[in-house]
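Protein chains get the first letters and strands the later ones, always in sequence-line order, with residue 1 at the start of each.
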Amino acid sequence: MSKSLKIISIMTSALSGCFLLIRRGRMEVRVRYAPSPTGLQHIGGVRTALFNYFFARSSGGKFILRVEDTDRERYSDESLDDLYQTLDWLGVKWDEGPVVGGPYGPYIQSERFELYKKYAEQLVKDGKAYYCYCSPERLEKLRAEQVASKSEYQGYDRHCANLTDEQRAEYERQGIKPVIRLKVPTEGKTTFHDILMGDITRRNRDVSPDPILLKSDGFPTYHLANVIDDHLMGITHIMRAQEWIPSGPLHILLYEAFGWEPPVYCHLPMVMGKDGQKLSKRHGSTSLRDFREKGYLPEAIINYVTLVGWSLDGSTEFFSKEELEKCFRIENIHKAPGVFDYKKLDWFNGYYIRACENSRLEDLVLPYLIKAGYIGSEPGCDELELVKKLVPAAKERMKVLSDIVPLSTFIFVDEPVLDASVYCAKGSDDEKTLSALKHGAEILLSGLKDGKAEEKIEEELVALSTELGVKVNGVFQPLRVAITNSTVSLPLFDSIALLGLDETKKRINRAIGILEAKNE
RNA sequence: GGUCCCUUCGUCUAAUGGUUAGGACAGGAGAUUCUCAGUCUCUAAAUAGGGGUUCGAUUCCCCUAGGGACUACCA
């Protein structure tokens, strides 16, 4: 190419870029989350929703929810409920979509049923698509043969691509319901641009040959419905998981067949399990419902999940939803897939629990205590008072809300430790342990009864330990085990406050009995 | 099998054509006059391999290897 020609070509491409900018630049960003209600919302889907939502917010655009319920076999009402519940729980609000409506509705694909058929038939009229009468059995057999022969050519053999009118009429007479397939060109190549990945090109002969657009039941397949709706709803950016990259060229072909301008693509890195495979149930919980039930806070989920495959600067760890709505940049999305780290999520969750207002935490923890049967389903004043005392003591020991149950069991279930050796701390012995328990109890109970400061009592207990020639824990452990029935527990004074003085006294005396029986 | 995508500590990630390659989780050690937890301090740990381009490459290019996704009348 000569120099001047080159310059001209650069200029024209710059110019067409300008037009694109003018056409698009004025337009606000419109993105969508378009799940199919065939199961519970999971980490991967939620991450996609979040990235779309944050991108929309941070660029002053619109976030649209669209329900892609074209698979009647796998659809369930429960999944749809779960979708709404999950987004609601996360505090992700959609600007347009089901429930709230919007100028491009309806936003549920089954309610747009007629539309897809119309467009598919238009494609047939234009010679871009055709009716196919092949039976599922024939297709199955074809596929089996291709797999067996390890043929380089995999996919539909275009058997119905050039049917005569007579042949078609004959099939129709037999009552066979056709599907509509797209004519994929066999020559040339198709390129689409991805913000993250750059240009991705595929030879047309490698595009899955003649995919079905409209199923025989009249419902569209994903490809058709997705392209039509994205266009009709004015979607500007498609942010979806990288598993969709292979169908990118097919979608471009569809946009071309319709004569439409394709949107900008951004394929999100996938979320993997520890073994590097796509995250699934066998790696642990994946549904948001599970996480919610175990007691993860929405702020922890949001914070951690958006940090898989995205980062601001590599050192900022904590982001609130509101911050992400401001600082999320599409350019900071990573290309490589990321492993979902349950431990790090736990760490975030613990952090957010500790940061949680006590009053809110009381409310959050209540259902777990009720479910455990520790407090009534209609908690009375006494019970609420107890929870009020429990929360600050348990707070920094919790990773998930359900941890409140094991931490508070000693209050509600009294199963004394009968093995005397458990009371004995490292470096102490049976005799000293008994003595520590007896004298410690005296110091403790009389001190508390007289309203002595905890610090003062603690000092006296420490003094007792030096007196007995044991470590500090040599005095505290027998008391704690006696009171909480466990070597692992809340701190001594918190435990007593929760249990009450009478019950404390009762448990200590019982423990003294257990130790005395052994020492004899 | 075919096509496409990816590759910095175990994990999530930062960085630049020139740094002791930074942070966080997890791990290890220690501190905190009660266990556990929390908090604090310290510590170990990475540019997949091989070729180029370059005075210099982890960064740019090529090859190899490894991993992943897709290959449905599912999305």
Visitor: Sequence neighbours left out, what pairs pass ring-ring contact (aromatic ring centres under 6.0 Å, His included) with at least one residue falling in residues 180-204 of chain A?
Guide: A:Phe192-A:Tyr265, A:Phe192-A:His267
Visitor: What protein N or O atoms touch nucleotides 60-65 of chain B N or O atoms at under 3.5 angstrom, if any, and at what distances?
Guide:
none

Visitor: With sequence neighbours left out, what residues match A:Tyr304 under side-chain hydrogen bond (donor to acceptor under 3.5 Å, both in side chains)?
Guide: none
Visitor: Which residues satisfy the ring-ring contact (aromatic ring centres under 6.0 Å, His included) test with A:Phe410, sequence neighbours excluded?
Guide: none
Visitor: Could you work out, with side-chain hydrogen bond (donor to acceptor under 3.5 Å, both in side chains) as the rule, every residue matching A:Glu243, not counting sequence neighbours?
Guide: A:Lys278
Visitor: Distances under 3.5 Å between protein N/O atoms and the N/O atoms of nucleotides 73-75 of chain B, please, pair by pair.
Guide:
residue: B:rC73; atom: O2; partner: A:Ser216; partner atom: N; Å: 2.8
residue: B:rC73; atom: O2; partner: A:Ser216; partner atom: OG; Å: 2.9
residue: B:rC73; atom: N3; partner: A:Ser216; partner atom: OG; Å: 2.9
residue: B:rC73; atom: N4; partner: A:Cys134; partner atom: O; Å: 3.4
residue: B:rC74; atom: OP2; partner: A:Lys215; partner atom: NZ; Å: 3.0
residue: B:rC74; atom: O2'; partner: A:Asp71; partner atom: OD2; Å: 2.7
residue: B:rC74; atom: O2'; partner: A:Arg74; partner atom: NH2; Å: 2.8
residue: B:rC74; atom: O2; partner: A:Arg74; partner atom: NH2; Å: 3.4
residue: B:rA75; atom: OP1; partner: A:Thr70; partner atom: OG1; Å: 3.0
residue: B:rA75; atom: OP1; partner: A:Lys215; partner atom: NZ; Å: 2.7
residue: B:rA75; atom: OP2; partner: A:Tyr222; partner atom: N; Å: 3.2
residue: B:rA75; atom: O3'; partner: A:Glu68; partner atom: OE1; Å: 3.3

Visitor: Sequence neighbours left out, what passes side-chain hydrogen bond (donor to acceptor under 3.5 Å, both in side chains) with A:Lys215? Give chain and number order.
Guide: none
Visitor: Under the ring-ring contact (aromatic ring centres under 6.0 Å, His included) definition, can you give me all pairs with a residue in residues 204-232 of chain A, not counting sequence neighbours?
Guide: A:Phe113-A:Phe219, A:Tyr222-A:Trp244, A:Tyr222-A:His251, A:His223-A:His251, A:His231-A:Trp260
Visitor: Could you work out, with side-chain hydrogen bond (donor to acceptor under 3.5 Å, both in side chains) as the rule, every residue matching A:Arg112, not counting sequence neighbours?
Guide: A:Asp229
Visitor: Quick one: which residue pairs count as a side-chain hydrogen bond (donor to acceptor under 3.5 Å, both in side chains) with a foot in residues 332-349 of chain A, not counting sequence neighbours?
Guide: A:Tyr296-A:Asp346
Visitor: Can you tell me which residue pairs pass the salt bridge (Lys or Arg N to Asp or Glu O under 4.0 Å) test with a partner in residues 460-484 of chain A, sequence neighbours excluded?
Guide: A:Lys452-A:Glu460, A:Lys456-A:Glu460
Visitor: Find every protein N or O atom lying less than 3.5 Å from an N or O atom of nucleotides 1-9 of chain B, and list the pairs.
Guide:
residue: B:rU3; atom: O2'; partner: A:Arg202; partner atom: NE; Å: 3.0

Visitor: On RNA chain B, check which nucleotide each of A:Thr487 and A:Lys343 is closest to and give me the residue with the more 5' one.
Guide: A:Lys343
